[in-house]
There are 2 protein chains.
Amino acid sequence: MPSRQEQLLDAAIDVLGTQGTRALTHRAVDAAASMPAGSATNYFKTRDALVSAVVARFVARDRAAWQAIAGFVQPTSADGLAAALTGYVRRALGPERAVTVARYALFVEAALRPELRAPLAVSAQELRTWASDRLRAIGSADPDRECAALLDYVDGLLLHQLSFPGPPEALEPMITRAVHELCPTVTSG
Amino acid sequence: MPSRQEQLLDAAIDVLGTQGTRALTHRAVDAAASMPAGSATNYFKTRDALVSAVVARFVARDRAAWQAIAGFVQPTSADGLAAALTGYVRRALGPERAVTVARYALFVEAALRPELRAPLAVSAQELRTWASDRLRAIGSADPDRECAALLDYVDGLLLHQLSFPGPPEALEPMITRAVHELCPTVTSG
DNA sequence: AGCCGATCACTACGGGCGTAGTAAATCAAC
DNA sequence: GTTGATTTACTACGCCCGTAGTGATCGGCT
């Protein structure tokens, strides 16, 4: 059972991902969390404090998600990696759409307010090293570089698909080719 | 000399790219355009109308920018393309940073509000076909696919660089490798 | 010159926002 | 079981927002 603050922050992420930055207010968070008015104010005095806490919560959830994924799927080839990534992208665009939108909304926010960058950068670095290790494990000769390229590609793809969605069946071939091309040194197959 | 409405919309894009969606209000636009209070209201009655007009203006400016670029640089090889792209990315992250941030803010907005998608999608499609033709001209055997992959990659790269900037000198090698790998059929050199 | 339509500058107002401050409730410790 | 401190629920206030409405100003047409 998440704590009260976590419930509020999860509600805030949902508001952010379904109604945008403009709608992210104390009152909207209270309502989304089905809590009495003023609850969000008690924990996060100012709006800036709320946004900072949302970033922290988001990072924590992201980390937990990767670790869960890491436990389930462990691709052993480029095609396996592509399949896993396709699954991730499909989930990000479908059931988790709000979370994905919130993610990019936070990126834009961080581009505007440098004090939000640190936690996001730490999280990104963690993901990078973790994914690098996985890439190395399946044969990549330059895992850091290939990992960075792949992450850039996937985020660009996601952003575009969010804004003007294409047919979902087109995702797999696109991602498969990108993986093979951007990570040419992993064991293909 | 841009018309009065264009001046207002350019100011709106600047507000969006430097202060975010939340700050995009009629009054803020008036101030940024150094026009008397109420000017933005006269042209764009509601906030939604303002945002829609900003999208339209943005698309028009983008189109003009490509056409200008097309007149100047005409790469003839993968390395030339990479150099041109690196120049574009540097400009997008430096002098044009606000415009770039505004761009992604609008993407997020379009992810939330489907009625904004059409103009952005049209613009993206135009860019795609134009860039595809250029890719084909320098030898690409599958220009549409390679173009899509490249655009996805560049937007992801830009978004990441905006949120947690890295050293600018790292851009060129990253982009060069990505171009070579994602567009393997263009004449290298 | 004189009118007329459109554009512009400015004001007015209701609503919702962020924020601060206060009562109530919960819990720990003794 | 009472006390005291922390957490929770709620209220109050001032500010700024989006929006509507009203004169003033300008240009084209006859």
Side-chain angles (χ1 to χ4, degrees), chain A residues 1-58 60 102 105-106 108-110 112-116, chain B residues 1-58 60 102 105-106 108-110 112-116:
Chain A
M1 184 73 179
S3 78
R4 219 169 165 79
Q5 298 152 40
E6 286 169 341
Q7 287 180 264
L8 282 166
L9 291 175
D10 288 342
I13 291 173
D14 193 66
V15 169
L16 188 58
T18 54
Q19 304 171 247
T21 308
R22 249 181 97 73
L24 184 61
T25 69
H26 284 119
R27 292 172 186 8
V29 171
D30 292 339
S34 304
M35 290 193 195
S39 304
T41 301
N42 286 318
Y43 293 100
F44 318 105
K45 304 249 179 239
T46 72
R47 191 180 180 277
D48 280 4
L50 174 61
V51 174
S52 297
V54 165
V55 169
R57 173 69 175 155
F58 195 92
L106 288 178
V108 170
E109 213 62 28
L112 293 167
R113 298 200 6 220
E115 67 270 24
L116 296 178
Chain B
M1 183 74 179
S3 79
R4 218 171 165 79
Q5 297 152 41
E6 286 169 341
Q7 287 180 263
L8 282 166
L9 293 175
D10 288 342
I13 291 174
D14 193 65
V15 169
L16 188 58
T18 54
Q19 304 171 246
T21 308
R22 249 182 97 73
L24 185 61
T25 69
H26 284 119
R27 287 161 167 68
V29 171
D30 293 337
S34 304
M35 289 192 194
S39 303
T41 301
N42 285 320
Y43 293 99
F44 318 105
K45 304 248 180 237
T46 71
R47 191 182 181 276
D48 280 4
L50 175 61
V51 174
S52 298
V54 164
V55 169
R57 174 68 176 154
F58 196 92
L106 287 178
V108 170
E109 213 62 29
L112 293 167
R113 298 201 5 221
E115 68 269 25
L116 295 178

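What you see below is based on every heavy atom in this structure, not just the backbone, and it leaves out hydrogens, waters and symmetry mates. Predicted, not measured: the structure shown is a model, and the values here were computed from it. Residue numbers begin at 1 in each chain, while the letters A, B, ... track the order of the sequences.
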With the sugar-phosphate defined as primed atoms, P, OP1 and OP2, and the base as all remaining atoms, what B/S/- string results for nucleotides 11-28 of chain D, 5' to 3', for protein heavy atoms under 4.0 Å?
-> ------BBB---------

Indicate yes or no: at least one non-hydrogen side-chain atom of [X] is less than 4.5 angstrom from one of [Y].
X     : Y      : result
B:L50 : B:L9   : yes
A:L16 : A:L106 : yes
A:V55 : A:E109 : no
B:L24 : B:R47  : yes

Show the numbers, then the answer: is there a side chain to side chain contact (heavy atoms under 4.5 Å, CB included) between B:L8 and B:D30?
-> CA-CA 7 Å; B:L8 282 166; B:D30 293 337; 4.2 Å; yes

Shortest non-hydrogen contact from A:A12 toward A:V54 | CB-CG2, 3.6 Å

In whole angstrom, give the distance that lies between atom [atom1] of [X] and atom [atom2] of [N].
X     : N     : atom1 : atom2 : result
B:Q5  : C:dT7 : CD    : P     : 8 Å
A:L8  : D:dT8 : CG    : C1'   : 11 Å
B:R4  : C:dT7 : CZ    : P     : 12 Å
A:Y43 : D:dT7 : OH    : C1'   : 7 Å
A:M35 : D:dT7 : CE    : P     : 15 Å
B:E6  : C:dT7 : CD    : C1'   : 16 Å

